[in-house]
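What follows is one structure encoded as structure tokens, with my remarks underneath.
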Amino acid sequence: MPEQEPNHIRRIAIAGLALSAIATPIVVILIAPHLAPWNGSGASSGQVFDNTVLLGILTPIASFLIAYFAYSLTVFRQRDGEEAAEGVAIRGDSRVQTSWLAVTILIVLFLAIFGTAELADAGSGGGQGPSPVYAPSGALPIQVIGQQWEFTYRFPTFGGLETAHLELPNERTVELHVTSLDVIHSFWSPQLGLKADANPGVDNVAYVRPQEEKPFEIRCSELCGLWHGYMFDTGRVVGNAAFLAWIHRQQRIFGPVTKRLPKYETHYFPEPERRGG
């Protein structure tokens with residue numbers, strides 16, 4: 001009597017479930033929360049949370065794929081001394097196809113609903129244009145102006161003040177209007193989980209809510225000319241009182257220059273010398 005073929009699908013399913021039960025908590029609890037961009041702002045914390053959810057969905061899928069390939073390579077490989085034999089021709093399995101289609105549809109629908117809810121909660125401005133669908137109320141507007149080779153920052157609610165460095169108030173939503181005077185730059189702060197292109201003649205809006213009082217790096221992440229690597233600075237997140245004190249100092253220092261600047265606009269003439277009259 002020939003030996004009965006074992007139920008390979010059941011074995012693979014059990015192995016996949018076991019591997020998923022071990023790997024998913026490790027990834028979701030121990031690894032994902034500690035990956036970049038960490039928790040320097042609401043945007044970066046949101047990215048960490050979103051990445052954790054995505055990894056929580058991906059890990060079981062990867063576990064089943066690993067179990068399938070490991071099982072197939074172990075059980076079905078040709079061993080020494082065995083004659084090569086053709087496998088059974090398989091034209092399709094409706095159970096596998098239907099299950100895979102159902103699982104992928106559920107995952108896509110969940111992610112669509114999850115992503116929409118996240119945008120509605122945190123604001124959809126991610127530097128993709130001037131008119132975000134969802135905009136948080138009461139945000140502090142700050143304009144980021146890219147130019148060869150530095151970023152400057154303009155505060156329309158403080159008389160159009162423009163500064164060479166950036167400080168942000170902690171626990172307050174900031175509405176960044178990112179533009180450029182010359183070529184394409186890209187305003188990037190890894191610790192804040194923020195990146196927005198600075199294009200001449202374009203107002204790209206991005207929202208960020210700092211939640212830790214500490215320094216953060218500012219870089220240009222778009223190759224913009226000879227001194228692209230020079231476009232590096234360190235900003236700071238400070239308390240609200242310290243932020244207001246810093247703003248008032250900047251107003252005293254840059255007051256004469258502010259008077260010569262054009263009225264605040266979403267973008268300016270491309271040549272820096274024309275901005276000063």
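In this text, all values refer to a predicted model and were calculated from it rather than measured experimentally.
- In this structure, the side chain of Thr234 does not engage the main chain of Phe216 through any donor-acceptor pair within 3.5 Å.
- Between His248 and Phe158, the angle of the ring planes goes over 60°, which puts this pair in the perpendicular group of the 30/60° scheme.
- Side-chain atoms of Gln143 never come within 3.5 Å of backbone atoms of Asp203 as a donor-acceptor pair (strictly under, hydrogens ignored).
- Residues Leu244 and Val174 fall within the same hydrophobic cluster, defined by Ile, Leu, Val, Met, Phe, Trp and Tyr side chains chained together at heavy-atom separations under 4.5 Å.
- Of the possible polar contacts, one joining the Arg154 side chain to the Gly160 backbone as a donor-acceptor pair under 3.5 Å is found.
- With contacts defined as side-chain heavy-atom distances shorter than 4.5 Å, the pair Phe155/Tyr264 does not qualify.
- Annotation: Phe243, atom CZ; neighbour count of heavy atoms from other residues, nucleotides and ligands within 6.0 Å is above 12.
- Counting heavy atoms from C-beta on, the side chains of Leu168 and Ile142 come closer than 4.5 Å.
- Between the side chain of Asp182 and the backbone N or O of Gln148 there is at least one donor-acceptor pair closer than 3.5 Å.
- Side-chain atoms of Met231 and Arg219, non-hydrogen and from C-beta on, never get closer than 4.5 Å to each other.
- A donor-acceptor distance shorter than 3.5 angstrom exists from the side chain of Thr24 to the backbone of Ser20, with no hydrogens or angles considered.
- Counting heavy atoms from C-beta outward, Thr179 and Thr266 have side chains that stay 4.5 Å or more apart.
- Heavy-atom contacts from other residues, nucleotides or ligands closer than 6.0 Å to OH of Tyr230 number 12 or fewer.
- Between the side chain of Gln191 and the backbone N or O of Glu217 there is at least one donor-acceptor pair closer than 3.5 Å.
- By the neighbour-count criterion of 12 heavy atoms within 6.0 Å, atom CZ of Phe232 is densely surrounded, having more than that number from other residues, nucleotides or ligands.
- Other members of the hydrophobic cluster containing Leu101, listed by chain and number, are Ile105, Leu109; membership follows side-chain contacts under 4.5 Å among ILVMFWY residues, whether direct or relayed.
- Side-chain contact between Leu17 and Phe64 is present, with at least one heavy-atom pair separated by less than 4.5 Å.
- With His165 contributing its side chain and Gly235 its backbone, the two residues share no donor-acceptor pair below 3.5 Å.
- Donor-acceptor pairing under 3.5 Å is recorded for the side chains of Gln147 and Thr152.
- Between Ile61 and Val103, every side-chain heavy-atom pair lies at or beyond the 4.5 Å cut-off.
- Looking at heavy atoms from C-beta onward, Phe151 lies out of side-chain contact with Asp233 at the 4.5 angstrom threshold.
- Looking only at distances, no side-chain donor or acceptor of Glu175 sits under 3.5 Å from a matching main-chain atom of Val205.
- Ile184 places a side-chain heavy atom less than 4.5 Å from the side chain of Pro200.
- One N or O on the side chain of Asn7 and one on the backbone of Arg10 form a donor-acceptor pair closer than 3.5 Å.
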